[in-house]
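Worth knowing before you read on, the calculation uses all heavy atoms, side chains too, and leaves out hydrogens, waters and symmetry mates. The structure presented is a predicted model; accordingly, all values stated were derived computationally and were not measured.
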Amino acid sequence: MEISPIYWPGSSYDIRRGEWFYTADNQKFVPCEENLSRQIEDGYRKFKPWIEGLVSPPTVITSVSSETTIIQAPNTIVASSSSVTSTPTELRWVLFGKYSNQCVIYSGATVAYLQYDNISTKLTSAMITPFTKGIVGTKLIRSWDEIEKIKKKLAAKTKADEKKEDAVLEDVEETEENPDRQIDHL
């Protein structure tokens with residue numbers, strides 16, 4: 001969809017419906033393409049990440065002694081053994097069409113991550129996740145209200161950082177004016 005002036009010459013602007021947004025720098029949020037947004041929303045409605053505990057994701061049971069992986073359905077019992085470990089699977093939605101080599105991982109009620117579904121992403125994720133305690137990929141935010149909350153938090157953090165910086169500068173200036181003054185804090 002496009003908008004342009006009717007009564008005078010001017011430039012046209014592209015209009016997008018914004019349900020899911022992405023950003024590269026946490027400053028400018030851009031709505032996802034309509035087809036991508038629809039696919040992300042389909043997965044969102046299937047997994048219902050906004051309802052915690054309603055539907056538990058299946059658990060992957062991996063035996064230490066073999067290479068086989070068994071997927072356990074929710075609410076089923078597996079005999080416990082010291083050689084068996086279990087880890088919860090991700091709420092992962094595979095995309096199709098133009099985005100067939102990508103997937104979406106839902107991490108909360110309003111946050112998802114767009115990842116390429118290839119071996120290099122999986123290796124990077126396996127190596128980085130223990131250090132970052134997060135998911136690797138492009139962060140997606142659902143709804144403009146959440147973006148406004150993020151912007152307010154960033155503005156408050158920037159203001160707090162500026163106040164800290166001003167306080168440090170004042171301490172430095174006072175120390176330069178009075179070199180005999182002792183600093184009791186850092």
Side-chain angles (χ1 to χ4, degrees), residues 1-3 13-63 67-76 78 84-158:
M1 189 176 214
E2 214 174 69
I3 187 170
Y13 297 100
D14 188 33
I15 298 176
R16 291 187 191 175
R17 178 178 177 214
E19 193 163 0
W20 287 92
F21 299 85
Y22 68 92
T23 182
D25 58 359
N26 274 344
Q27 298 295 326
K28 183 179 178 186
F29 292 86
V30 180
C32 293
E33 186 180 286
E34 188 176 343
N35 184 21
L36 175 61
S37 183
R38 187 173 343 110
Q39 289 186 53
I40 296 169
E41 189 65 20
D42 289 345
Y44 182 79
R45 289 184 180 157
K46 179 184 181 229
F47 288 121
K48 300 179 183 174
W50 68 89
I51 303 174
E52 291 188 30
L54 179 68
V55 179
S56 59
T59 304
V60 176
I61 306 295
T62 310
S63 174
E67 294 293 321
T68 59
T69 301
I70 306 162
I71 297 203
Q72 174 192 357
N75 302 327
T76 59
V78 172
V84 175
T85 60
S86 73
T87 57
T89 59
E90 302 164 326
L91 300 175
R92 189 169 181 262
W93 183 253
V94 179
L95 303 177
F96 57 90
K98 182 177 166 182
Y99 308 100
S100 63
N101 62 341
Q102 297 178 357
C103 64
V104 177
I105 298 173
Y106 301 93
S107 67
T110 58
V111 178
Y113 291 88
L114 181 65
Q115 289 184 343
Y116 282 96
D117 195 18
N118 57 23
I119 192 71
S120 65
T121 302
K122 291 175 184 177
L123 286 172
T124 303
S125 180
M127 291 170 44
I128 292 177
T129 300
F131 301 111
T132 61
K133 295 183 174 105
I135 300 171
V136 177
T138 303
K139 187 175 183 178
L140 303 169
I141 307 291
R142 185 175 194 269
S143 88
W144 187 254
D145 294 338
E146 291 300 317
I147 291 172
E148 289 297 319
K149 289 177 189 176
I150 290 170
K151 285 183 176 182
K152 285 180 184 176
K153 284 180 186 177
L154 287 173
K157 184 179 177 184
T158 304

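With rounding to the nearest 0.5 angstrom, the CG atom of Leu95 is 9.0 Å from the OG atom of Ser100. Put simply, CG on Leu140 and CZ on Phe21 are 11.0 Å apart, with the number rounded to the nearest 0.5 Å.
A search for side chain to side chain donor-acceptor pair (under 3.5 Å) contacts involving Ser143 returns nothing, not counting sequence neighbours. Judged as a side chain to side chain contact (heavy atoms under 4.5 Å, CB included), and not counting sequence neighbours, the contacts of Phe96 are Gln39. In terms of the salt bridge (charged side-chain N to carboxylate O under 4.0 Å, His left out) criterion, Asp145 has no residue partners (sequence neighbours excluded). Taking Lys122 as the reference, Arg92, Asp117 meet the side chain to side chain contact (heavy atoms under 4.5 Å, CB included) condition, with sequence neighbours excluded. Legend: residues meeting salt bridge (charged side-chain N to carboxylate O under 4.0 Å, His left out) with Lys153, ordered by chain and number and at least two apart, are absent. Residues that satisfy the side chain to side chain contact (heavy atoms under 4.5 Å, CB included) test with Ile119, not counting sequence neighbours, are Leu123. Partners of Lys149 under the side chain to side chain donor-acceptor pair (under 3.5 Å) rule, at least two apart in sequence or in another chain, are Glu146. With sequence neighbours left out, Tyr116 forms a side chain to side chain donor-acceptor pair (under 3.5 Å) with Gln102. With sequence neighbours left out, Glu34 forms a salt bridge (charged side-chain N to carboxylate O under 4.0 Å, His left out) with no residue at all. Scored by the ring-ring contact (aromatic ring centres under 6.0 Å, His included) test, Phe29 finds no partners at all (sequence neighbours excluded).
Identified under the salt bridge (charged side-chain N to carboxylate O under 4.0 Å, His left out) test for residues 93-111, with sequence neighbours left out: Glu33-Lys98.
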Scan the side chains in residues 104-114 for donor-acceptor partners under 3.5 Å anywhere in the protein, sequence neighbours excluded, and list what turns up.
unit_1 : atom_1 : unit_2 : atom_2 : d
Tyr106 : OH     : Ile40  : O      : 2.5
Tyr106 : OH     : Tyr44  : N      : 3.1

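Of all the heavy atoms in Trp20 and Ser37, the pair that sits closest is CD1-OG, 3.7 Å.
For the pair Arg38 and Glu19, the salt-bridge criterion is not met [side-chain N within less than 4.0 Å of a carboxylate O].
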- Message: Determine whether Glu41 and Arg45 satisfy the following criterion, salt bridge (Lys or Arg N to Asp or Glu O under 4.0 Å), listing intermediate values before the conclusion.
- Response: CA-CA 6 Å; Glu41 189 65 20; Arg45 289 184 180 157; 3.5 Å; yes
